[in-house]
Amino acid sequence: MYQIQVYNQIAKKGTDLFSEEKYRLTDTESPDGVLLRSYPLTEEHIPESVKAIARAGAGVNNIPVADCTKKGIVVFNTPGANANAVKELVITSLIASSRKLFEAVQWTQTIQNAENLERLVEIEKKKYIGSEIQGKYIGVVGAGAIGVLVANAALALDMEVIAFDPFISVNSAWLLSRNVQRAMSLDEVFTKCDYITLHMPLSDKTKGIINASGFDKMKEGVQVLNFSRGELVNEDDLENALESGKVGKYITDFPNERVLNMKNVVATPHLGASTQESEENCAIMAVQQLRSYLETGNIKNSVNFADVELPYIGKKRLTIAHQNIPNMVGQITALLAANSINIADMINRSKGDYAYTIIDLDQDIDHDAEEILKGKVKVITGVTMIRFI
Ligand SMILES: NC(=O)c1ccc[n+]([C@@H]2O[C@H](COP(=O)([O-])OP(=O)(O)OC[C@H]3O[C@@H](n4cnc5c(N)ncnc54)[C@H](O)[C@@H]3O)[C@@H](O)[C@H]2O)c1
Ligand SMILES: O=C(O)CC[C@@H](O)C(=O)O
């Protein structure tokens, strides 16, 4: 029986995929797996029993991924599963903001009992003259699952689209319309665009990437949309840019007390992925990936380990996470040979400094033999996790 610790509200269509015979969703001190959305997970939430963590969503900045990697804990996310939801909210906000819809609706609510309401409407409407997005430049920073959809949708709305992504994947490049212009630098986006929309992950490298030096280069009155993460933008510099009018509007899905008190901010309560469809897509993908890993050791869509798949034939399977250094596999297979264990099949894949190996044994071995082998493999320098399935 696998124990799963669930944080956040996860769509039932996903959690229903945990069969009652094999899984218990429970508050426990020794979970095998963790399933969550934006819950801020710290090392204290990750006891030694945890084998994998599944994030029903894209961003994993709420998970201590580097520590998990060192301990051989596989962290999954659900690439693309909520991208359409975010795209639709970005496009909605882009148009609504351009037409001053947020302010206009807010004002209209205040005149419910006003005298001469119709006349007032005609007089005051000049305050809410907006601009059209057709023909304007939009810069998409980060052309991944969401950025590609936003870029293509903006093109379909007759905008001029420039995308910047120095690490674009082959898949994203295939999906991006050929009419999207390629920016060779962030500065190119800053100087050319009337709208800038952020779609890259938050990391040590991207924290504060939008700051005074960028704001200085932007067009007067530029509108910046941030449906990615609040910390991508330096708040001191944002405040100055909003005060001076350099940034005409900051549309963000990540409100905090400070940002909400800034001028010309439109904020939504982290709603990007909040559609029924997206919540279900993410939950289903997260649960399928977590189940597959726990039950077969295969890895798909992990942020810290490579995809590794070896058809599960139901014989005894040994899975090992280890550092990506020479002779790891050699030492492990030599150990099996020394114990007269034949190998039926095996696979090894690496990602950065760490690697993962699956070895299917040609024979079944009992629990005691497993424990003896585990003890011997564990002491090999560089091995971080060993599990028999
Ligand atoms: N508001 C929400 O509810 C919501 C929902 C989903 C995702 N998000 C946020 O959006 C982010 C993007 O999601 P996604 O599904 O498109 O992820 P993704 O991994 O598919 O795409 C991210 C892209 O950013 C690019 N990138 C990385 N560093 C960059 C840099 N310095 N400059 C430019 N591009 C860079 C990567 O190459 C990648 O193509 C997530 O990390 C998450 O923080 C927010
Ligand atoms: O779970 C959510 O509602 C938000 C998820 C979103 O921020 C993500 O990174 O996928």
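All residue numbers in this chain count up from 1 along the given sequence. Predicted, not measured: the structure shown is a model, and the values here were computed from it. Side chains are part of it too, since the values below use all heavy atoms of this structure and drop only hydrogens, waters and symmetry mates. Counting convention: from 1, in listed order, for ligands and their atoms alike.
Ligand 1 has no nitrogen or oxygen under 3.5 angstrom from a nitrogen or oxygen of Gly80. The shortest N or O to N or O distance between Ala145 and ligand 1 is below 3.5 Å. Any N or O atom pair closer than 3.5 Å counts here, and Ile146 shares at least one such pair with ligand 1.
At least one heavy atom of Pro166 sits closer than 4.0 Å to an atom of ligand 1.
Applying the salt bridge (Lys or Arg N to Asp or Glu O under 4.0 Å) test between Asp194 and each of Lys219, Lys136, Lys249 identifies Lys219 as the sole match. Here the rule is side-chain contact (heavy atoms from CB on, under 4.5 Å) with Ile63, and of Ile53, Val34, Ile73 only Ile53 fits it.
In this structure, Arg387 satisfies the cation-pi test against Tyr293, with its NZ or CZ atom closer than 6.0 Å to the six-membered ring centre and inside 45 degrees of the ring normal.
At a 4.0 Å heavy-atom cut-off, ligand 1 touches His199 through the backbone alone. Contact annotation for Thr206 and ligand 1: only side-chain heavy atoms (C-beta onward) come within less than 4.0 Å of the ligand. For Asn8, no heavy-atom contact with ligand 2 is shorter than 4.0 Å. Contact annotation for Ala143 and ligand 1: only backbone heavy atoms (N, CA, C, O) come within less than 4.0 Å of the ligand.
Applying the salt bridge (charged side-chain N to carboxylate O under 4.0 Å, His left out) test to pairs two or more places apart or on separate chains, those with a residue in residues 315-343 are Lys315-Asp362, Lys316-Asp364, Lys316-Glu370, Arg317-Asp360.
Less than 4.0 angstrom separates some heavy atom of His270 from each of these atoms of ligand 1: 1 (N), 2 (C), 3 (O). Counting the atoms of ligand 2 from 1 in the order shown, those under 4.0 Å from a heavy atom of Gly59 are 8 (C), 9 (O), 10 (O). Proximity to Asn82 (heavy-atom distance under 4.0 Å) selects the following atoms of ligand 2: 8 (C), 10 (O). Of all atoms in ligand 2, numbered sequentially from 1 with element shown, those under 4.0 Å from a heavy atom of Gly57 are 10 (O). Applying the 4.0 Å criterion to heavy atoms of Asn82 picks out, from ligand 1, the atoms 5 (C), 6 (C). Within the listing of ligand 1, atoms 1 (N), 2 (C), 3 (O) sit less than 4.0 angstrom from a heavy atom of Asp253. Listed by atom number, the atoms of ligand 1 under 4.0 Å from Phe254 heavy atoms are 1 (N).
A search for ring-ring contact (aromatic ring centres under 6.0 Å, His included) contacts involving Phe190 returns nothing, not counting sequence neighbours.
The protein heavy atom nearest to atom 34 (N) of ligand 1 is Gly142 CA, 3.4 Å. With respect to atom 21 (O) of ligand 1, the closest heavy atom belonging to the protein is Gly144 CA, 3.2 Å. Protein heavy atom nearest atom 10 (O) of ligand 2, with residue, atom name and distance: Ala58 N, 2.6 Å. Given atom 9 (C) of ligand 1, the protein heavy atom at minimum distance is Ser228 O, 3.4 Å.
Interatomic distance, CD of Gln289 versus CG of Asp307, reported as 8.5 Å (0.5 Å rounding).
For atom 5 (C) of ligand 2, the nearest non-hydrogen atom from the set Arg229, Gln9, Arg55, Arg37 belongs to Arg55.
Between Phe254 and His270, the ring centre distance stays below 6.0 Å.
Proximity of Ile4 to Leu294: side-chain heavy atoms (C-beta onward) are separated by under 4.5 Å at one or more points. Put simply, the side chain of Asn264 does not reach to within 4.5 Å of the side chain of Val247, judged on heavy atoms.
Within 4.0 Å of atom 26 (N) of ligand 1, at least one protein heavy atom is present.
The aromatic rings of Phe305 and Tyr356 lie perpendicular to each other, with more than 60° between the two planes, well past the 30° mark.
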